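Just so it is clear: chains get the letters A, B, ... in the order the sequence lines come, proteins before strands, and each one is counted from 1. In what follows, every heavy atom counts, from backbone to side chain, and hydrogens, waters and symmetry copies are set aside. Given the structure is predicted, the values throughout are model-derived calculations rather than measurements.
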Protein chains: 2
Amino acid sequence: MTRKIPQSTVRRLSHYLRSLEGFEDEGGTVSSEELAARGQTTAAQVRKDLSHFGSFGKRGLGYRVDELRSRLRHILGIDRPWRVALVGAGRIGRALIEYPDFRARGYECVAIFDSDPDKVGRRLGDQTIRDAATLEEAMEDLQVELVILAVPAEAAHDVAARAVDVGVKGILNFAPIRLNVPPRIPVQDVNLVMELEALSFAISQAEEAG
Amino acid sequence: MTRKIPQSTVRRLSHYLRSLEGFEDEGGTVSSEELAARGQTTAAQVRKDLSHFGSFGKRGLGYRVDELRSRLRHILGIDRPWRVALVGAGRIGRALIEYPDFRARGYECVAIFDSDPDKVGRRLGDQTIRDAATLEEAMEDLQVELVILAVPAEAAHDVAARAVDVGVKGILNFAPIRLNVPPRIPVQDVNLVMELEALSFAISQAEEAG
DNA sequence: CTACATTTGTGACGAAATTCACAAACCGGC
DNA sequence: GCCGGTTTGTGAATTTCGTCACAAATGTAG
């Protein structure tokens, strides 16, 4: 029932959940048609996406909003808290950690590291910035599960390897390189330059065509 | 030769370019095999991706590094400067604008807007933050081509519509909603919550399987 | 209880992207 | 100039993803 799930399906699930959170009608139901309208997709796609994970939803009625919501949270793995560490207290790292939705969705920042001596010891959010040299010990103690990697490209491989060594389960990678970690460790790349380039590409294409 | 290009191809092109920039060997050549090794893909995929845009590269030899680099820049539309405006001078917008690669790649921030009176008039980077109410006039004067939209979800639709009205060509959207703009206007969504959820999903899946 | 109006879940189909495999092109050496 | 070793470019096969269409299930009205 739940084998190879397309990445695009996961992104849509996330989007469905976002739509459902805008719903106030607690006890109500929602049809695949309605979800599709909010999500730039089709009703069939919504049903197919959900069917990968079982069949909740009643024929003739639709999906119960509250149930679907908690199912999606479970599927996406956000029905439990995650212990997160930020490595690299630069602009991007800070922006993310102070992002209000971050904590609200169960991502709990339990440690922040940086290698810059000027930053070590200062506070950020409710954490004191630790020396990156103490990364292994601290991550093990604090049982960090997830690392947000926001360091320069040169340092990224090293940090990733060390984090994986002490049992981290996944990495959100802002460094513009492909990390070389064992395949069992999921890595999600976020690359703002790539997004900008995709945009300028699309514009250039549109100009040529039009 | 260059019709419907998959989004995944564009992302890979961007990645190839990043790899090539790490190359010092100016006059040298690189094979699809080598590019694939750096890019988490296959040699055939590299060749197929490039073949969408013509056939540069010499059989038996590979691709000339400097030529491929400039070709990719042209394809991605970054062989010319882009006039960019930032709307929303919050954490995310600031992080992006101060990102060193940003300007280095030809994205020139020519205006910053915010609706918060406390922020209007303050400086950010080399710009003074303008009142969002003056958006139309300023964008037209400054010939803004590209908008980075980093405002709360409630305001995003309105700002997007107004920007499109005064001739903006594309939008990099950080608001967690699907913008409702004419299809001729490319929109690139960046959604950090979605990335985190994709990551926790992948981890949960890996745990179930392993 | 029956007829009817909905809406899901899913197998069959079609489109799209990736991989395969190989002929054509190129270089260097002799 | 020709041969051998390489590597591209690309049609064809394969795999993956999205769409369609419809039977099965459910609620409602009478």
Side-chain angles (χ1 to χ4, degrees), chain A residues 1-16 19-20 23 25 27-69 71-72 75 198 201-202 205, chain B residues 1-16 19-20 23 25 27-69 71-72 75 198 201-202 205:
Chain A
M1 186 165 68
T2 162
R3 274 296 81 144
K4 235 359 180 9
I5 307 297
Q7 185 71 8
S8 44
T9 290
V10 179
R11 302 181 83 81
R12 282 192 297 267
L13 292 179
S14 186
H15 197 268
Y16 303 152
S19 297
L20 289 175
F23 255 77
D25 188 11
T29 64
V30 61
S31 70
S32 55
E33 197 69 57
E34 291 173 86
L35 273 176
R38 283 179 172 65
Q40 188 91 1
T41 179
T42 67
Q45 182 72 74
V46 172
R47 296 199 298 275
K48 183 69 95 178
D49 285 340
L50 296 177
S51 77
H52 286 121
F53 304 95
S55 73
F56 20 98
K58 290 231 187 315
R59 302 184 179 205
L61 246 195
Y63 304 88
R64 283 192 36 213
V65 171
D66 50 3
E67 182 190 347
L68 185 53
R69 200 150 43 189
R71 292 277 200 140
L72 286 175
I75 291 166
F201 172 82
Q205 288 279 104
Chain B
M1 186 164 69
T2 160
R3 273 299 78 142
K4 239 349 183 16
I5 307 298
Q7 184 71 7
S8 44
T9 290
V10 179
R11 303 182 83 81
R12 282 192 298 268
L13 292 179
S14 186
H15 197 267
Y16 303 151
S19 297
L20 289 175
F23 255 76
D25 188 11
T29 65
V30 60
S31 70
S32 55
E33 196 69 58
E34 290 173 86
L35 273 176
R38 281 178 172 67
Q40 188 92 359
T41 179
T42 67
Q45 182 73 75
V46 172
R47 296 200 299 275
K48 184 68 94 181
D49 284 341
L50 296 177
S51 76
H52 286 121
F53 304 95
S55 73
F56 19 98
K58 289 231 187 314
R59 302 183 179 205
L61 245 196
Y63 304 88
R64 282 194 32 214
V65 171
D66 50 3
E67 183 190 347
L68 184 54
R69 201 147 47 186
R71 294 277 201 141
L72 285 175
I75 292 167
F201 173 80
Q205 287 279 103

- Item | Residue whose nearest DNA chain D nucleotide is more 5′ - A:R12 or B:A44 | B:A44
- Message: With nearest nucleotide decided by heavy atoms, which residue, A:R47 or A:P6, maps closer to the 5′ end of DNA chain D?
- Response: A:P6
Between [N] ([atom2]) and [X] ([atom1]): distance, integer Å:
X	N	atom1	atom2	value
B:R64	D:dT8	CZ	P	15 Å
A:H52	D:dC17	NE2	C1'	9 Å
B:L50	D:dT7	CG	P	16 Å
A:K4	D:dC17	NZ	P	8 Å
A:I5	D:dG18	CD1	P	12 Å
B:E34	D:dT6	CD	C1'	12 Å
A:Q45	D:dT16	CD	C1'	13 Å
A:Q7	D:dC17	CD	P	10 Å

- Qualifying residues under side chain to side chain contact (heavy atoms under 4.5 Å, CB included), relative to B:A202, sequence neighbours excluded: A:P186
- Roughly how far, to the nearest 0.5 Å, is CZ of A:R64 from CG of A:L20? 13.0 Å
- Pairs in or reaching into residues 36-62 of chain B: which pass salt bridge (Lys or Arg N to Asp or Glu O under 4.0 Å), with residues at least two apart or in two chains? B:R12-B:D49
- Message: Check whether A:S19 reaches the backbone of A:H15 with its side chain - one donor and one acceptor, N or O, closer than 3.5 Å.
- Response: yes
- Note on the structure: Its contact letters, B for base, S for sugar-phosphate only and - for none at protein heavy atoms under 4.0 Å, make nucleotides 24-30 of chain D read BBB----
For [X] against [Y], the heavy-atom pair lying closest together:
X	Y	answer
A:I75	B:F201	O-CD1, 3.2 Å
A:Y16	A:L72	CB-CD1, 4.0 Å
A:Y63	A:L68	CB-CD2, 3.8 Å
A:A43	A:A36	N-CB, 3.5 Å

- Message: Suppose we screen for salt bridge (Lys or Arg N to Asp or Glu O under 4.0 Å). Which residues come up paired with B:E34, at least two apart in sequence or across chains?
- Response: none
- Once Watson-Crick and G-U wobble pairs under 3.5 Å are found, how is DNA chain C written in dot-bracket notation, 5' to 3', with | for any base paired to another strand? ||||||||||||||||||||||||||||||
- Check: A:E67 and A:F56 side chains under 4.5 Å, non-hydrogen atoms: yes
- Task: With the side chain counted from C-beta on, respond yes when A:T41 and A:L35 share a heavy-atom pair under 4.5 Å apart, and no when they do not.
- Result: no
- Message: So, does A:S8 get its side chain near the phosphate of D:dC17, meaning an N or O under 4.0 Å from OP1 or OP2?
- Response: no
- Query: Can you give the first and last nucleotides of DNA chain C, 5' to 3', that have an atom under 4.0 Å from a heavy atom of chain A?
  - Reply: C:dT6 to C:dA12
- Message: Does A:T41 reach a base, just sugar-phosphate, or nothing at all? Heavy atoms under 4.0 Å.
- Response: nothing
